[in-house]
K.L.:
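This is the structure I want to talk about, given as structure tokens.
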Amino acid sequence: MKVDIRRRFPGLVLAFIGFVGSTSLAHAEESILQTFIGEWRSNSPAFGQPAQSTAVWTPALGGQFYRLEYAITHTQKADDEPVFAGVAYYQPAEAGGFTAFWADSSGDLHQISASQTERSLEAIWGSAEEKLGRTRYELLDQDRLRITDWISQDGQWRQFNQGEYVRQKTQTTQSEGGRKMEKVAGIGGVFFRAAEASQVAQWYADNLGVDPTPTDYETQPWQQQAGPTVFAPFGQTTDYFGKPEQQWMINFRVKDLDAMVKQLRDNGNDVEVDPEVYPNGRFARTHDPEGTPVELWEPAD
């Protein structure tokens with residue numbers, strides 16, 4: 001009996017090649033930002049509306065900076081697009097401070113001067129001539145972070161946003177010896193042979209929006225959205241991949257399966273849409289230029 005893998009697993013989501021910098025940052029042993037590294041989430045209201053906010057701190061650019069990715073999504077919106085997003089790069093400076101810059105989706109670009117205490121980071125951004133603001137990142141305990149924003153008006157600091165964030169823990173399991181087992185955080189790359197590698201890479205870029213592998217360490221690789229990933233070896237006799245010589249396949253999550261199918265067909269690709277709607281969503285399948293099957297999955301709401 002053939003087992004339908006889609007009823008067993010929610011999807012195989014594999015990210016193309018990612019580059020991870022060293023965590024050997026200058027002054028790292030003295031930096032409050034070392035304790036911030038990771039993903040933080042908040043359900044506090046933002047800009048006067050119910051919201052979910054995320055703050056992700058990571059080492060970046062060969063370990064020379066700390067990178068902050070910040071996003072706010074209003075939970076009452078029909079889609080999950082952020083209403084506000086920003087990114088900052090912090091570099092440790094002398095005497096325990098930081099120099100940094102901030103850019104966001106409203107078009108603002110600010111220089112930042114930041115100082116730290118044992119439990120907090122205080123960032124002054126912008127200028128008095130244009131827009132002057134202040135943000136405090138305060139570690140309440142190991143797993144809680146409060147972020148508060150102020151704007152300078154008439155010589156006074158006016159608070160306009162505040163949220164309490166919870167650290168998103170990485171999962172660990174107990175080994176037989178009773179010690180915690182360290183687990184990998186995700187898939188950092190998918191590598192496979194191709195007779196015409198550049199042509200195949202371009203097909204994924206043109207048809208699915210998977211950016212080609214960067215050729216330098218400054219360019220960011222393709223970024224996948226957070227979501228479930230299944231790592232599933234198959235038996236040698238499986239026919240799920242199509243041809244017997246096919247050794248692998250990839251499944252991409254999509255927001256709008258119908259729109260993706262139309263795009264692929266408009267680009268001259270054959271696409272087979274599964275007519276059944278499964279409890280975990282809808283599926284379609286196409287093939288890259290060398291016949292490798294590519295499965296598309298629109299998760300159920």
Side-chain angles (χ1 to χ4, degrees), residues 4-20 69 71 73 78-82 85 87 105 186-234 238-278 280-301:
D4 190 335
I5 195 67
R6 292 167 296 198
R7 296 189 181 276
R8 295 172 51 194
F9 300 105
L12 295 164
V13 185
L14 307 177
F16 269 69
I17 302 168
F19 293 94
V20 181
E69 292 183 77
T73 302
D79 57 41
D80 58 356
E81 292 297 320
V87 62
S105 57
I187 295 174
V190 176
F191 309 92
F192 57 98
R193 300 180 192 274
E196 299 290 341
S198 60
Q199 177 186 348
V200 172
Q202 195 62 49
W203 183 89
Y204 281 93
D206 293 342
N207 289 275
L208 300 175
V210 179
D211 297 330
T213 305
T215 57
D216 57 69
Y217 290 99
E218 284 69 42
T219 304
Q220 289 293 311
W222 174 66
Q223 301 285 322
Q224 67 167 324
Q225 294 182 352
T229 302
V230 175
F231 184 80
F234 283 72
T238 184
D239 61 357
Y240 194 67
F241 299 171
K243 298 179 293 185
E245 63 270 24
Q246 186 66 51
Q247 295 297 307
W248 71 284
M249 72 166 291
I250 191 166
N251 173 294
F252 290 108
R253 279 177 285 117
V254 299
K255 287 185 177 181
D256 188 332
L257 185 65
D258 293 329
M260 180 60 76
V261 168
K262 182 179 185 303
Q263 174 177 286
L264 285 162
R265 287 175 172 167
D266 287 348
N267 288 345
N269 298 284
D270 292 328
V271 186
E272 178 186 354
V273 179
D274 191 326
E276 183 172 350
V277 178
Y278 296 87
N280 58 341
R282 301 170 58 218
F283 293 83
R285 183 175 294 206
T286 188
H287 295 79
D288 73 14
E290 299 195 353
T292 303
V294 177
E295 189 170 60
L296 305 169
W297 169 45
E298 181 187 291
D301 293 333

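Owing to the predicted nature of the structure, the values given are computational and were not obtained by experimental measurement.
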K.L.:
Distance check, rounded to the nearest 0.5 Å: D211 atom CG versus Y204 atom OH?
P.N.:
14.5 Å

K.L.:
Could you check whether any side-chain heavy atom of M260 comes within less than 4.5 Å of a side-chain heavy atom of E298, counting everything from C-beta outward?
P.N.:
no

K.L.:
Among residues at least two apart in sequence or on other chains, which ones pass side-chain hydrogen bond (donor to acceptor under 3.5 Å, both in side chains) with Q246?
P.N.:
none

K.L.:
K243 and E290: which non-hydrogen atoms are nearest, and at how many Å?
P.N.:
NZ-O, 4.3 Å

K.L.:
Hey, what do you get for CG (L296) to CD1 (I250), rounding to the nearest 0.5 Å?
P.N.:
10.0 Å

K.L.:
Please list, one pair per line, the donor and acceptor atoms closer than 3.5 Å that link side chains of residues 193-202 to other protein atoms, with sequence neighbours excluded.
P.N.:
residue, atom, partner, partner atom, Å
Q202, NE2, D206, OD1, 2.9

K.L.:
Taking the side chain from T219 and the backbone from P214, do they hold a donor-acceptor pair closer than 3.5 Å?
P.N.:
no

K.L.:
Can you see which heavy atom on R282 is nearest to which on L257, and at what distance?
P.N.:
CB-CD2, 3.8 Å

K.L.:
For residues E295 and F252, determine if any side-chain heavy atom of one lies less than 4.5 Å from a side-chain heavy atom of the other.
P.N.:
no

K.L.:
Locate the shortest heavy-atom distance separating F241 from Q247; write the atom from each residue and the value.
P.N.:
CE1-O, 3.9 Å

K.L.:
How many angstroms lie between atom CG of D274 and atom CH2 of W297, to the nearest 0.5 angstrom?
P.N.:
14.5 Å

K.L.:
I'd like a table of donor-acceptor pairs (distance under 3.5 Å, sequence neighbours excluded) in which one partner is a side-chain atom from residues 266-273, with atom names and distances.
P.N.:
residue, atom, partner, partner atom, Å
D266, OD2, K262, NZ, 2.8
N267, ND2, N207, OD1, 3.1
N269, OD1, W203, NE1, 3.0
N269, ND2, N207, OD1, 2.6
N269, ND2, L264, O, 3.0

K.L.:
Please name all residues satisfying side chain to side chain contact (heavy atoms under 4.5 Å, CB included) with P212, sequence neighbours left out, ordered by chain then number.
P.N.:
A205

